[in-house]
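Just the heavy atoms: all of them, side chains too, but no hydrogens, waters or symmetry mates, feed the values below. All values reported here derive from a predicted model rather than from experimental measurement. Proteins get letters first, then strands, A, B, ... in listed order; numbering begins at 1 in each.
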Amino acid sequence: MSEALRQALARVATSMGADGVDFVVERPKDAGHGDVATNLAMVLAKVQKAPPRAIAARVIEALDLPAGVVEKTEIAGPGFINFWLASDELGNSLRAVIDAGPRYGAHDFGKGIRVNIEFVSANPTGPLHVGHGRGGALGDGIAALLAWTGHQVTREFYINDAGVQIDRVGQSLWARVQEAVGRPFAIPEGGYHGDYLKENAAQILAREGRAFADLPEAEGVRRCRALALVMQREEQDHDLASFGVRYDVMTSEQAFYDRGAIPATLALLESRGLTFERDGALWFRTTDFGDDQDRVLRKSDGSYTYFLPDIVYHVDKHERGFDRVIDVWGADHHGYIPRVRAALRALGYPDEFFDVSVVQLVKVLRGGAEVKMSKRSGEFVTLRDLVEEVGPDAARYFFLMRRGDAQLNFDLDLATSQTDENPVFYVQMAHARVSGIFRVAGVAPDSATADVRLDALPAPEDRELLKKLTAFPDVTARAARDREPHKITGYLEELARLTHGWYHKCRVLGEPPEVERARLALARATRIVLANGLTLLGLTAPDRM
RNA sequence: GCGCCCGUAGCUCAGGUGGAUAGAGCAUCAGCCUUCUAAGCUGAGGGUCGUAGGUUCGAAUCCUACCGGGCGCACCA
């Protein structure tokens, strides 16, 4: 509805000789400033060198709007123009919510844009930790936002199954197998000490028999390597699934080696003159493309650095036809961004092709003190422990409620509390309460129709709640554009607060028939928006709690 | 030393591409209340937006320097 207003204002700007000026049409924070406001007059004042308030008067004079949209206009403060929308307009917005239903808040501005979002991509060397959980929630949340705004989204997990880390897991697991049959054993230098490998060793012996431990060491290690890979990947998938995260594509690093993509890409880089040799190693001239130093692709011992397969991987994504790729990385990898960006720039990809969302550390707190580790991993809190303790909804919500690039305190006491201090509980409770109205009335929410008289919503709380509902599409658009799911949780908490207040103040059932009908429609619309926000973030919207 | 992120109320944090008196929750204080599901509701106090400059009609927001915290600066992955 503010779009029509924006266009009308743009026409005025053009007629006043300021075609294409950049001005804002917004919902004022303060209800005393109307339903919609613009700074157009102040922007024009700069161009026209005239007092903003005088310009504002001329803008209002020239404004050509259809009848029945705006009820009142005023000039305020330094030169803002505030608009109060007519009641029919609010009635229309109630209808818009109910008509769109589960699609209310969706957009199509991303139509035709193919986006690949890769997240978690944990090494298959052990359990996932809470940082992976945050990456999973954020990646999945961004993916959902992009899908909600019409983008064609692929969720992807990259398996680092080719490096030395996985070799060490194989050696460590073989050591655990030896330990399990009572022989001397040693976890190798740089190996993995967590208890989970003892569990895996026991599983292998149970399945393959004790003779497995008698294999020649080289073969035993090789088989352990393959088995560990499968077992750890299964565990990770299980943990992610129990957390509500699923992938469209799993990509194996090893597969790039197997099909010869590594030397092929290397040859491409060399043929384009992007490389040089120094000290027996082959370097990528990334400084020519914005990096602060050149980077090694092939070490002097002939093996590749991790950088090269990573370039190959991004080239692969490009060749698969994606317009954009978004990588969700932990903060400890942020220094890696410039070199990857430089490499892709060198290959001629547009800068907007590649972007990284960085997730900062998660600090887990219980009783105000930091929880440092869980027994099974031996060194960190696992995602599994966290989800088992607080449940998938609270886990996801807490991971999403802060912007990704700020550190997060995950308060276990708060996440498990059944009070309104717990934001997940508070938002879900709002949905349950509104649902409860229909349960008590003995009617389905869908039976409440939008053909109601708006003046049958007499309380200020009615109007405030309705206005908040109409803001949801803007919130989803901004959250998607900025890739910030926390904007949704913040909105949901505000909406839940208004919903609880409305619920408390405004009775629905037993009111005069006109009012009851109108409030049932408002309750239905509120339920729709709360549910859409929650499901968008991968959370449940319970009808009772 | 260099780079990235962060610094907003006692605490945890929001603050559209610069806009109107900087917001919310918790905590504190003062009243009220027990109702379609929560021990709930209403109000109050509390801020030099890390510091100092700059840009502008206007800066928490943009620029510069500095201070404090986190992370990263491999022929590791």
Side-chain angles (χ1 to χ4, degrees), chain A residues 22-30 32-33 37-39 42-43 45-46 51-52 76-80 82 123 125 160 162-166 168 190 253 278-283 291-293 295-307 309-310 330-338 356 358 360-361 363 365 368 401-409 411 414 418-423 425-426 428-430 432-441 474-475 477-479 481-482 484 486-487 489-491 493-494 497 500-501 503-511 519 523 544-545:
Chain A
D22 207 15
F23 64 97
V24 171
V25 176
E26 63 179 357
R27 294 158 201 275
K29 281 170 277 190
D30 187 334
H33 295 144
T38 181
N39 68 345
M42 289 184 289
V43 176
K46 195 173 292 190
F80 288 98
N82 298 335
N123 284 342
T125 55
N160 293 113
V164 301
Q165 296 306 322
I166 191 70
R168 291 189 182 133
E253 180 188 2
R278 187 170 74 205
D279 305 330
L282 187 71
W283 300 66
D291 199 5
D292 56 3
Q293 53 183 291
R295 308 292 174 175
V296 170
L297 292 165
R298 191 183 56 219
K299 298 182 251 180
S300 53
D301 68 3
S303 65
Y304 301 126
T305 61
Y306 190 76
F307 184 36
D310 233 1
D332 53 343
H333 285 74
H334 78 263
Y336 197 68
I337 297 170
V356 178
V358 169
Q360 288 284 350
L361 300 178
K363 193 189 278 190
L365 302 170
M401 74 181 180
R402 302 285 177 241
R403 32 183 314 172
D405 54 10
Q407 291 190 26
L408 173 72
N409 292 325
D411 186 334
L414 186 60
Q418 301 278 301
T419 71
D420 59 6
E421 291 169 37
N422 179 348
F425 180 86
Y426 191 64
Q428 290 184 322
M429 191 66 196
R433 273 186 143 174
V434 173
S435 303
I437 295 171
F438 293 98
R439 190 169 52 246
V440 170
D474 283 353
V475 174
R478 280 203 308 274
R481 184 198 60 201
D482 301 338
E484 292 185 335
H486 80 272
K487 292 190 162 148
T489 63
Y491 170 81
E493 284 165 44
E494 290 167 18
R497 189 157 45 81
H500 287 298
Y503 181 92
H504 188 78
K505 268 281 178 54
C506 304
R507 283 198 74 82
V508 176
L509 307 179
E511 293 291 295
R519 287 199 170 138
R544 60 200 314 166
M545 293 178 75

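- Judged by atom type and distance alone, A/H333 does not reach the base of B/rG72 through any side-chain donor-acceptor pair under 3.5 Å.
- Residue A/M429 is the one, among A/M429 and A/G501, whose nearest nucleotide of RNA chain B lies closer to the 5' end (criterion: closest heavy atom).
- Considering only side-chain atoms of A/A37, the nucleotide from B/rA20, B/rA38, B/rG70 that sits closest is B/rA20.
- Taking a pair as Watson-Crick or G-U wobble with both distances under 3.5 Å, RNA chain B forms stems of 3 or more consecutive pairs at B:1-7 with B:67-73, B:10-13 with B:23-26, B:28-32 with B:40-44, B:50-54 with B:62-66.
- Counting atom types as modelled, A/T305 pairs no side-chain N or O with a base atom of B/rC75 as donor and acceptor under 3.5 Å.
- Which of B/rC36, B/rC73, B/rA38 sits closest to the side chain of A/V440 comes down to B/rC36.
- In this structure, B/rG16 is classed as syn because its glycosidic torsion stays within 90° of zero.
- Nearer to the 5' terminus of RNA chain B, by closest-nucleotide assignment, is the contact made by A/H33 (compared with the other of A/H33 and A/R295).
- Taking the side chain of A/W283 as heavy atoms from C-beta on, and the options B/rA77, B/rC6, B/rC75, the nearest nucleotide is B/rC75.
- For A/K363, no side-chain nitrogen or oxygen approaches OP1 or OP2 of B/rG70 to under 4.0 Å.
- Taking only distance into account, the side chain of A/N82 meets the base of B/rA20 through a donor-acceptor pair shorter than 3.5 Å.
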Across nucleotides 8-19 of chain B, 5' to 3', mark each nucleotide with B, S or - according to how protein heavy atoms within less than 4.0 Å reach it. ----SSSSB--B
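- In the interface, the side chain of A/R497 is not paired with the base of B/rA24 through any donor and acceptor atom under 3.5 Å apart.
- Out of B/rA38, B/rU35, B/rA77, the shortest distance to the side chain of A/H504 is found at B/rU35.
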